[in-house]
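All values reported here derive from a predicted model rather than from experimental measurement. When a ligand or atom number is given, it counts from 1 through the structure's own listing order.
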Amino acid sequence: MFEKVLVANRGEIAVRVMRACEELGVDTVAVYSEADKHGGHVRHADEAYNVGPARAADSYLDHEAVIEAAEKAGADAIHPGYGFLAENAEFAGTVEAHDDITWVGPAADAMEQLGEKTKARQTMNEADVPIVPGTTEPAESAEEVKQFGDEYGYPVAIKAEGGGGGRGMKIVESADEAESQFESAKREGEAYFDNANVYLERYLENPRHIEVQILADEHGNVRHLGERDCSLQRRHQKVIEEGPSPALTDELREEIGAAARRGADAAGYYNAGTFEFLVEEEDRDADAGELLGPDANFYFLEVNTRIQVEHTVTEELTGIDIVKWQLRVAAGEELDFAQEEVDLSGHAMEFRINAENAAQEFQPATGGTLTTYDPPGGIGVRMDDALSQGDDLVTDYDSMIAKLIVHGSDREECIARSKRALAEYDIEGVVTIVPFHRLMLEDDAFVAGEHTTKYLDNELDPAR
Ligand SMILES: Nc1ncc2cc(-c3cccc4ccccc34)c(N3CC[C@@H](N)C3)nc2n1
Ligand SMILES: [Ca+2]
């Protein structure tokens with residue numbers, strides 16, 4: 001096991017990783033930008049190094065500065081968290097190549113391969129993992145889009161090969177939009193991902209967005225830790241995640257988990273990762289949000305080659321500490337549990353606590369001091385944050401300041417407990433979306449588990 005781990009991140013995920021290190025008897029090193037010098041993660045660490053000014057590109061994203069801090073501290077591993085450098089194959093490769101520092105994450109080339117969505121789709125296809133109907137090679141012309149539309153029907157999704165997470169996706173509603181959408185998809189691909197290649201998929205109108213947690217060691221052992229339902233999103237930003245999915249039948253759950261394992265195995269993947277799927281009713285016109293019948297279909301979408309914000313849902317359902325396993329796997333340990341031993345008990349939900357104003361199109365709050373910070377507690381309530389009362393809020397990076405994770409024996413108890421926890425949550429001095437979460441827990445469609453990915457964008461947006 002490592003002696004000292006540098007956590008190349010900030011906020012709640014940095015504290016989350018440090019807690020796993022502490023439980024393993026590993027010393028912790030924080031890095032911080034000028035803006036974060038009083039950050040909760042800095043207070044939490046055994047030692048801390050300034051890596052640069054507030055701008056992320058000159059601090060948390062500065063490869064040399066992070067490596068230099070690790071060398072200065074004598075850290076023997078780097079954990080990237082999520083965001084920042086977590087899926088930067090070049091940085092992962094640099095750390096892999098560094099004799100004295102171990103990368104806590106998947107192999108750089110697995111990141112590379114799975115980051116190229118056409119290649120990822122090919123790999124999954126070959127591993128009998130159903131992919132969203134579409135191409136596994138780049139599309140060369142708008143003509144090809146029209147042919148695809150004729151064959152599969154509209155809408156057609158045009159996606160950037162280097163994109164993901166909803167970024168770089170154009171929806172073509174009809175043949176006469178093909179030309180303009182194809183051109184702008186290629187232009188944006190070039191601009192944002194330095195890759196102009198785009199591929200085509202049938203656009204699923206009302207899917208559920210289900211993701212499967214994978215944990216694999218460097219000795220070929222691959223396990224899935226069940227699924228999370230991320231169908232409550234707003235403009236591709238997840239707001240509430242839960243597990244198990246209220247929409248999946250047991251046999252579908254079994255099939256999706258097995259498919260994710262096959263996919264991870266085929267990709268030679270190790271450490272923690274998430275396989276994203278879209279799930280929809282057999283007949284495409286089933287009305288929105290109906291609970292999926294046994295003949296629902298699932299389709300591979302993409303792999304996230306990092307620990308995710310919502311990994312906590314899976315930890316609460318399985319009792320498995322995923323971040324500790326990331327560290328143990330990177331140190332060469334074998335997973336000490338069989339697939340059959342993974343069982344999900346009860347129901348869990350994660351509420352992202354963003355410093356945003358839900359009544360004003362979720363626009364980010366502009367700073368502020370936490371005059372009151374009194375988070376909830378009690379049975380089944382977990383708070384992941386790096387906040388203390390009196391903190392000045394740093395809004396240079398992202399608006400998520402905390403995560404409230406609630407576990408109950410079933411979805412009903414989880415909802416009741418979530419209402420109780422959100423009622424206890426007392427944050428003053430900064431606008432957050434806590435009121436929005438309280439609203440969601442009163443919403444019939446959500447409480448019935450019948451919302452789909454479009455629900456917030458189409459129907460409920462409180463700003464509407
Ligand atoms: N072929 C096809 N059909 C429907 C889709 C639906 C989604 C999707 C999934 C989850 C939430 C969404 C919200 C608005 C629009 C799309 C979504 C989607 N993505 C891509 C990245 C992932 N984070 C969201 N890809 C899709 N692809
Ligand atoms: Ca190395």
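Shown here are the protein N/O/S atoms lying under 3.0 Å from the Ca ion (ligand 2), water excluded: V95 O, E96 O, H98 O, I101 O.
Taking the ring centroids of Y32 and Y60, they lie at or beyond the 6.0 Å cut-off.
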Worksheet entry | Working for side-chain contact (heavy atoms from CB on, under 4.5 Å), residues E201 and M169 | CA-CA 10 Å; E201 289 180 352; M169 172 164 74; over 6 Å; no
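Listed by first then second residue, pairs satisfying side-chain hydrogen bond (donor to acceptor under 3.5 Å, both in side chains) with a partner in residues 131-150 read Q122-E137, not counting sequence neighbours.
Put simply, the side chain of N9 never gets that close to the backbone of I13: no donor and acceptor are under 3.5 Å apart. Side-chain atoms of N354 do not come within 3.5 Å of backbone N or O of E356 as any donor-acceptor pair. Judged purely by atom type and a 3.5 angstrom limit, Q113 has no side-chain atom pairing as donor or acceptor with the backbone of K119.
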All N/O donor-acceptor pairs, side-chain side in residues 94-104, below 3.5 Å, sequence neighbours left out:
| from | atom 1 | to | atom 2 | distance (Å) |
| --- | --- | --- | --- | --- |
| T94 | OG1 | E90 | O | 2.9 |
| E96 | OE2 | A108 | N | 2.9 |
| H98 | ND1 | D100 | N | 3.1 |
| H98 | NE2 | E71 | OE2 | 2.7 |
| W103 | NE1 | P106 | O | 3.0 |

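Exactly one of R16, K324, R19 qualifies for a salt bridge (Lys or Arg N to Asp or Glu O under 4.0 Å) with E315. That residue is R16.
Relative orientation of the F298 and F277 rings is perpendicular, given thresholds of 30° and 60° on the angle between their planes.
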List, pair by pair, the atoms of ligand 1 and of the protein that are both N or O and lie under 3.5 Å apart, giving the separation rounded to 0.1 Å.
| from | atom 1 | to | atom 2 | distance (Å) |
| --- | --- | --- | --- | --- |
| ligand 1 | 1 (N) | E201 | OE1 | 2.8 |
| ligand 1 | 1 (N) | R202 | O | 2.8 |
| ligand 1 | 3 (N) | L204 | N | 2.9 |
| ligand 1 | 25 (N) | K159 | NZ | 3.2 |
| ligand 1 | 27 (N) | K159 | NZ | 3.0 |

